[in-house]
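Let me begin by presenting the structure, written as structure tokens, before commenting on it.
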Amino acid sequence: MVKQLAQLGLTVILTARDLEKGKKAVELLRNQGLLVHFHPLDVSDPASIRTFALWFQKKFRVMDILINNAAVSFNDLYENSVDHAEIVMKTNFYGVKLLTEALLPMFRRSDSISRILNISSRLGSINKMRNPTMKEMLQNENLSAQQIEGMVDLFLQNVKNGTWKNQGWPEIWTDYAVSKLALNAYSRVLAKQFEDFGLRVNCFCPGFTQTSMTGGKGTHTADDAAEVGARLALLPPGELSTGKFYVGFNPGIISKL
């Protein structure tokens with residue numbers, strides 16, 4: 001994604017938890033003639049988020065586009081352990097939420113329309129939720145961030161007391177799916193909250209992509225997915241909706257979050 005945006009001439013900041021891996025990625029891109037900035041960032045660490053936000057504000061002052069791609073899963077393709085549910089939530093949901101909130105004051109107010117694109121998953125679709133109470137809450141037009149956090153806390157409580165299997169949570173990659181359910185719901189809350197302030201918030205599921213998370217398996221490459229993601233992130237203002245969930249490659253199925 002960084003490569004795609006840099007090739008189009010945008011000023012891009014790449015972040016990574018691992019300092020050496022981040023520097024190596026930037027070096028590879030610079031060897032291709034692409035100017036990319038780098039700063040370490042671990043979205044599961046609030047202190048790291050604060051450090052990054054302060055650095056960004058000092059160096060760049062304003063932001064036009066935020067792409068939240070950081071996510072973890074500790075399951076193989078056909079496994080469904082929740083042993084690492086807490087770090088999955090802390091990274092995939094709370095990390096995105098805390099980083100976004102730290103950067104919200106820096107979004108440029110201009111005719112170009114600022115945008116947030118959250119990389120998500122169909123595993124976090126509402127129809128994957130089998131708990132009727134939680135499903136009804138997620139579908140409520142007046143859904144709040146506090147309610148979403150309450151759902152995540154309930155899931156972690158169910159994991160802790162060993163009742164998560166019979167509480168109606170998603171059946172595939174359960175902890176990952178719940179984290180993306182929360183992310184999608186939070187994206188909808190943000191989209192509604194900032195629609196009148198020139199900020200558009202959408203989600204994109206690239207599908208089964210060949211990455212380290214999938215063990216290199218998938219129906220398409222990361223470059224293919226990034227090309228579509230970049231196109232969605234840069235949609236012209238007249239074509240840019242908010243509170244939408246994009247799936248696939250045409251840019252695919254578009255539905256309300």
Side-chain angles (χ1 to χ4, degrees), residues 15-18 41-49 68-101 118-140 143-190 203-219 222 225 245 247 257:
T15 67
R17 292 173 296 175
D18 187 303
L41 173 63
D42 181 350
V43 299
S44 69
D45 180 0
S48 179
I49 289 175
N68 286 309
N69 185 51
V72 294
S73 173
F74 295 88
N75 284 305
D76 288 334
L77 287 180
Y78 301 106
E79 291 181 345
N80 194 31
S81 164
V82 294
D83 291 347
H84 303 280
E86 190 169 341
I87 189 62
V88 170
M89 296 303 149
K90 188 182 288 187
T91 305
N92 300 6
F93 170 59
Y94 282 111
V96 173
K97 184 175 183 292
L98 290 175
L99 177 64
T100 300
E101 290 172 353
N118 292 325
I119 309 302
S120 191
S121 171
R122 283 172 287 191
L123 293 177
S125 302
I126 289 179
N127 63 8
K128 304 296 184 183
M129 173 64 84
R130 297 170 297 121
N131 182 311
T133 302
M134 290 294 101
K135 191 169 186 177
E136 182 180 0
M137 182 197 75
L138 290 170
Q139 292 175 320
N140 193 313
L143 178 68
S144 69
Q146 290 76 20
Q147 288 176 305
I148 300 167
E149 291 183 7
M151 178 189 73
V152 172
D153 289 344
L154 177 62
F155 172 68
L156 291 176
Q157 182 181 331
N158 288 167
V159 169
K160 190 173 183 180
N161 62 32
T163 62
W164 63 276
K165 287 186 178 180
N166 58 13
Q167 295 299 314
W169 300 108
E171 295 180 300
I172 299 174
W173 270 21
T174 301
D175 54 2
Y176 181 83
V178 173
S179 74
K180 293 301 187 178
L181 264 167
L183 175 60
N184 292 343
Y186 177 64
S187 301
R188 177 159 62 90
V189 170
L190 276 183
C203 291
F204 169 49
C205 169
F208 192 25
T209 307
Q210 297 163 10
T211 66
S212 57
M213 186 181 288
T214 63
K217 298 176 182 178
T219 57
F245 187 74
V247 179
L257 278 169

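Every heavy atom of this structure was used, including side-chain atoms; hydrogens, water molecules and symmetry mates were not. Position 1 is the first residue of the sequence, and the numbers go up from there.
One finds the CG atom of Asp42 at 9.5 Å from the OG1 atom of Thr15 (value rounded to the nearest 0.5 Å). From Trp164, atom CH2 reaches atom CD of Gln157 across 16.0 Å, with rounding to the nearest 0.5 Å. How far CZ of Phe93 is from OH of Tyr176: 15.0 Å, rounded to the nearest 0.5 Å. How far SG of Cys203 is from OH of Tyr186: 11.5 Å, rounded to the nearest 0.5 Å. One finds the OG atom of Ser44 at 7.0 Å from the CZ atom of Arg17 (value rounded to the nearest 0.5 Å). With rounding to the nearest 0.5 Å, the separation of CG in Leu183 from CD1 in Ile148 is 9.5 Å.
Contact annotation: the side chain of Phe155 approaches that of Thr174 to within less than 4.5 Å [non-hydrogen atoms, C-beta and beyond]. The closest side-chain heavy-atom distance from Phe245 to Arg188 is not below 4.5 Å. With contacts defined as side-chain heavy-atom distances shorter than 4.5 Å, the pair Met129/Met151 qualifies. Using a 4.5 Å cut-off on side-chain heavy atoms (C-beta onward), Ile126 and Gln139 make contact. Residues Leu156 and Val152 meet the side-chain proximity criterion, which asks for heavy atoms closer than 4.5 Å. Using a 4.5 Å heavy-atom cutoff, the side chains of Leu154 and Met134 are in contact. A heavy-atom distance below 4.5 Å is found between the side chains of Leu41 and Leu99. Between Ile87 and Phe74, the closest side-chain pair of non-hydrogen atoms falls below 4.5 Å.
Considering every non-hydrogen atom in both Gln167 and Asn131, the closest pair reads O-ND2, 2.8 Å. Taking all atoms of both residues into account, the shortest heavy-atom contact from Ala145 to Lys97 is CB-CE, 4.1 Å. The nearest pair of heavy atoms linking Asp153 to Tyr94 is OD1-OH, 3.4 Å. Here the shortest heavy-atom pairing between Gly124 and Asn184 reads O-ND2, 3.0 Å. Across all their heavy atoms, Pro206 and Ile119 have their closest contact at CD-CG2, 4.1 Å. Considering every non-hydrogen atom in both Leu190 and Thr100, the closest pair reads CD1-CG2, 3.7 Å.
Side chain of Ser144 to main chain of Gln147: a donor-acceptor pair is present (N/O by atom type, distance under 3.5 Å, no hydrogens or angles). With Asn92 contributing its side chain and Lys180 its backbone, the two residues share no donor-acceptor pair below 3.5 Å. With hydrogens and angles disregarded, no donor-acceptor distance shorter than 3.5 Å links the side chain of Asn118 to the backbone of Ser120.
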In sequence, state the C-alpha distance, the side-chain angles, and the governing distance for Val189 and Leu143, and then conclude on side chain to side chain contact (heavy atoms under 4.5 Å, CB included). CA-CA 7 Å; Val189 170; Leu143 178 68; 4.2 Å; yes
Trace of the side chain to side chain donor-acceptor pair (under 3.5 Å) decision for Asn75 with Ser73: CA-CA 6 Å; Asn75 284 305; Ser73 173; 4.5 Å; no
Evaluate the side chain to side chain contact (heavy atoms under 4.5 Å, CB included) criterion for residues Leu181 and Leu138: first the C-alpha distance (whole Å), next the side-chain angles of each, then the deciding distance (0.1 Å), finally the verdict. CA-CA 9 Å; Leu181 264 167; Leu138 290 170; 3.8 Å; yes
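By the neighbour-count criterion of 12 heavy atoms within 6.0 Å, atom CD1 of Ile172 is sparsely surrounded, having that number or fewer from other residues, nucleotides or ligands. Around the CD atom of Glu86, the shell of radius 6.0 Å holds no more than 12 heavy atoms that belong to other residues, nucleotides or ligands. In this structure, Glu136 places its CD atom where only 12 or fewer heavy-atom neighbours from other residues, nucleotides or ligands lie under 6.0 Å away.
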